[in-house]
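Given the structure is predicted, the values throughout are model-derived calculations rather than measurements. The first residue in the sequence is number 1, and the count goes up from there.
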Amino acid sequence: MLTKRKRKNTLPIVCAVIVAAGSSQRMGGVNKLLLPLADAPVLAHTLTAFQKCDAVRDMVLVCREADILPYTDLARAFGISKLRTVIRGGDSRTDSVLAGVRISPADTPLVAVHDGARPLVSEAVITEAAYAAAACGAAAPVVPVKDSIKRIEDGRIAADVPRATVAAVQTPQIFDRALLLRALETAARQNRTYTDDCAAVEALGHSVQATHGSYENIKITTPEDMLLAEALLHREAE
């Protein structure tokens, strides 16, 4: 069961590292971040969510080299004034996040790592994770799993996994900057890659606080996700 931590009066200060270096293979190779979603490209919605969040002071965008110029132009067109730099990512997600954290302002207490393909993240989700990370060093939003979960071995169901013990993790995952930097640099030295940044921090023995995510905070991965995102935005506009 998730419980909200008591918030301090001081708003946390966050630099958001937006990871947008993927290849969009499950979209047939089309750059999903430039696809139109309602009145703007997917990436514009993502950047705008952090632009509007009071806790976010700066943003760093990590992408493929070929996307640096179009993403810079997109940010300028949509008035993303908090975006400080757009840089080339690495060969893996872990490498890309490390590049973004290294270039983030050294005086920033917290770094929020967010998937560029999650355009519907809310300020409430960002802010709750930021307060939790400020208190304990690491936090990530999660949502309860709706389906029954099974463990599979050799193509057969081996056991039930109680739903109360599992959750789907989302982004932004927010960390003390020094902690995350140490975790990612350790991973780089050990030639290890992770699918999310909680795993890198957990590998150091540091626990991550679970905060409230949102079922609307979907990740655009397939064409069906675009349809769902359009429907959610349409509902909000009504």
Going by an N to O cut-off under 4.0 Å, is there a salt bridge joining Arg88 and Asp95? no
Decide, yes or no, whether a salt bridge links Asp58 with Lys82 under the criterion of side-chain N to carboxylate O below 4.0 Å. no
Using the side chain to side chain contact (heavy atoms under 4.5 Å, CB included) rule, take Val113 and Val97 through it: C-alpha gap first, then chi angles, then the decisive distance, then the call. CA-CA 7 Å; Val113 183; Val97 175; 3.8 Å; yes
Gap between atom NE2 of His45 and atom OG1 of Thr48 - 0.5 Å precision: 7.5 Å
Same cluster (ILVMFWY, side-chain, under 4.5 Å), Leu232 and Ile126: yes
Please find the pair of heavy atoms, one from Val62 and one from Gly100, that lie closest to each other, and give the distance. CG2-CA, 3.8 Å
Flag side-chain contact, heavy atom, 4.5 Å: His234 against Glu230: no
Shortest non-hydrogen contact from Gln170 toward Val143: NE2-CG1, 3.7 Å
Report the C-alpha separation of Leu179 and Leu204 in whole Å, then their side-chain angles, then the decisive distance to 0.1 Å, and conclude whether the side chain to side chain contact (heavy atoms under 4.5 Å, CB included) test is met. CA-CA 9 Å; Leu179 171 65; Leu204 293 182; 4.2 Å; yes
Sidechain-backbone polar pair: Gln173 side chain, Cys198 backbone, donor-acceptor under 3.5 Å: yes
Please tell me if the side chains of Val19 and His114 come closer than 4.5 Å, counting only heavy atoms from C-beta onward. no
Calculate, to the nearest 0.5 Å, the distance between atoms CG and CD1 belonging to Leu35 and Ile220 respectively. 9.0 Å
Spacing of CG belonging to Asp225 relative to CG belonging to Leu37, to within rounding of 0.5 Å: 11.0 Å
Co-membership, hydrophobic cluster, residues Ile18 and Ile218, 4.5 Å side-chain: yes
Would a distance-only check, ignoring hydrogens and angles, find a side-chain to backbone donor-acceptor pair under 3.5 Å from Arg76 to Ser81? no
Under 3.5 Å: donor-acceptor pair, side chain of Tyr215, backbone of Pro144: yes
Are any non-hydrogen side-chain atoms of Leu74 and Pro41 less than 4.5 angstrom apart? yes
More than 12 foreign heavy atoms under 6.0 Å from CG of Asp107: is that the case here? yes
Where the side chain of Asn31 meets the backbone of Leu33, is there a donor-acceptor pair that is under 3.5 Å apart? yes
Which pair of heavy atoms, one from Ile87 and one from Ala99, lies closest together, and at what distance? CD1-O, 3.5 Å
In the structure I gave you, are the side-chain heavy atoms of Met226 and Thr221 within less than 4.5 Å of one another anywhere? no
Go through the steps to decide whether Phe78 and Leu47 satisfy the test side chain to side chain contact (heavy atoms under 4.5 Å, CB included), and finish with yes or no. CA-CA 9 Å; Phe78 284 89; Leu47 296 176; over 6 Å; no
Might you confirm whether atom CD of Glu65 has over 12 heavy atoms from other residues, nucleotides or ligands at distances under 6.0 Å? no
What's the shortest heavy-atom distance between Ala168 and Val145, and which atoms? N-CG2, 3.9 Å
Val121 versus Thr46: any side-chain heavy-atom pair under 4.5 Å? no
Are Val161 and Val166 packed together at the side-chain level, in the sense that at least one heavy-atom pair is separated by less than 4.5 angstrom? yes
Should Leu34 and Val42 be counted in the same cluster of Ile, Leu, Val, Met, Phe, Trp and Tyr side chains packed under 4.5 Å apart? yes
Could you check Thr195 against Arg93 for side chain to side chain donor-acceptor pair (under 3.5 Å), going step by step and ending with a plain yes or no? CA-CA 7 Å; Thr195 56; Arg93 187 185 188 282; over 6 Å; no
Determine yes or no for a side-chain-to-main-chain donor-acceptor pair under 3.5 angstrom, with Thr108 supplying the side chain and Leu110 the backbone. no
Would you compute the distance between atom OH of Tyr194 and atom CG of Leu184 and round it to the nearest 0.5 angstrom? 9.5 Å
Which heavy atom of Ser104 sits nearest to which heavy atom of Val111, and what is that distance? OG-CG2, 4.0 Å
Between Arg151 and Ile157, is there a side-chain heavy-atom distance shorter than 4.5 Å? no
Could you tell me the separation between the CZ atom of Arg177 and the SG atom of Cys15, rounded to the nearest 0.5 Å? 8.5 Å
Pairing donors with acceptors under 3.5 angstrom, does anything connect the side chains of Arg192 and Thr94? no
For Leu227, is the CG atom crowded, meaning more than 12 foreign heavy atoms sit under 6.0 Å from it? yes
State plainly whether one hydrophobic cluster holds both Leu181 and Met59, where clusters connect Ile, Leu, Val, Met, Phe, Trp and Tyr through side-chain heavy atoms under 4.5 angstrom apart. no
Using a 3.5 Å distance criterion without hydrogens, assess whether the side chain of Thr127 forms a donor-acceptor pair with backbone atoms of Ala124. no
Answer yes when Asp160 and Lys150 have at least one side-chain N-carboxylate O distance shorter than 4.0 Å, and no when they do not. yes
Closer than 3.5 angstrom, by distance alone: can the side chain of Lys52 be matched with the main-chain N or O of Glu123 as a donor-acceptor pair? no
Would Val14 and Phe50 satisfy side chain to side chain contact (heavy atoms under 4.5 Å, CB included), going step by step from the backbone distance to the final call? CA-CA 10 Å; Val14 178; Phe50 286 86; over 6 Å; no
Rounded distance [0.5 Å steps], CG in Leu43 versus CG in Asp67: 9.0 Å
What I'd like to find out is whether the side chain of Tyr131 reaches to under 4.5 Å of the side chain of Leu11, using heavy atoms alone. yes
Does Thr85 reach the main-chain N or O of Val60 with its side chain, forming a donor-acceptor pair under 3.5 Å? no
Assigning hydrophobic clusters by single linkage (Ile, Leu, Val, Met, Phe, Trp, Tyr; side-chain heavy-atom cutoff under 4.5 Å), is Val125 placed with Val56? yes
Shortest non-hydrogen contact from Thr171 to Arg118? OG1-CD, 3.2 Å
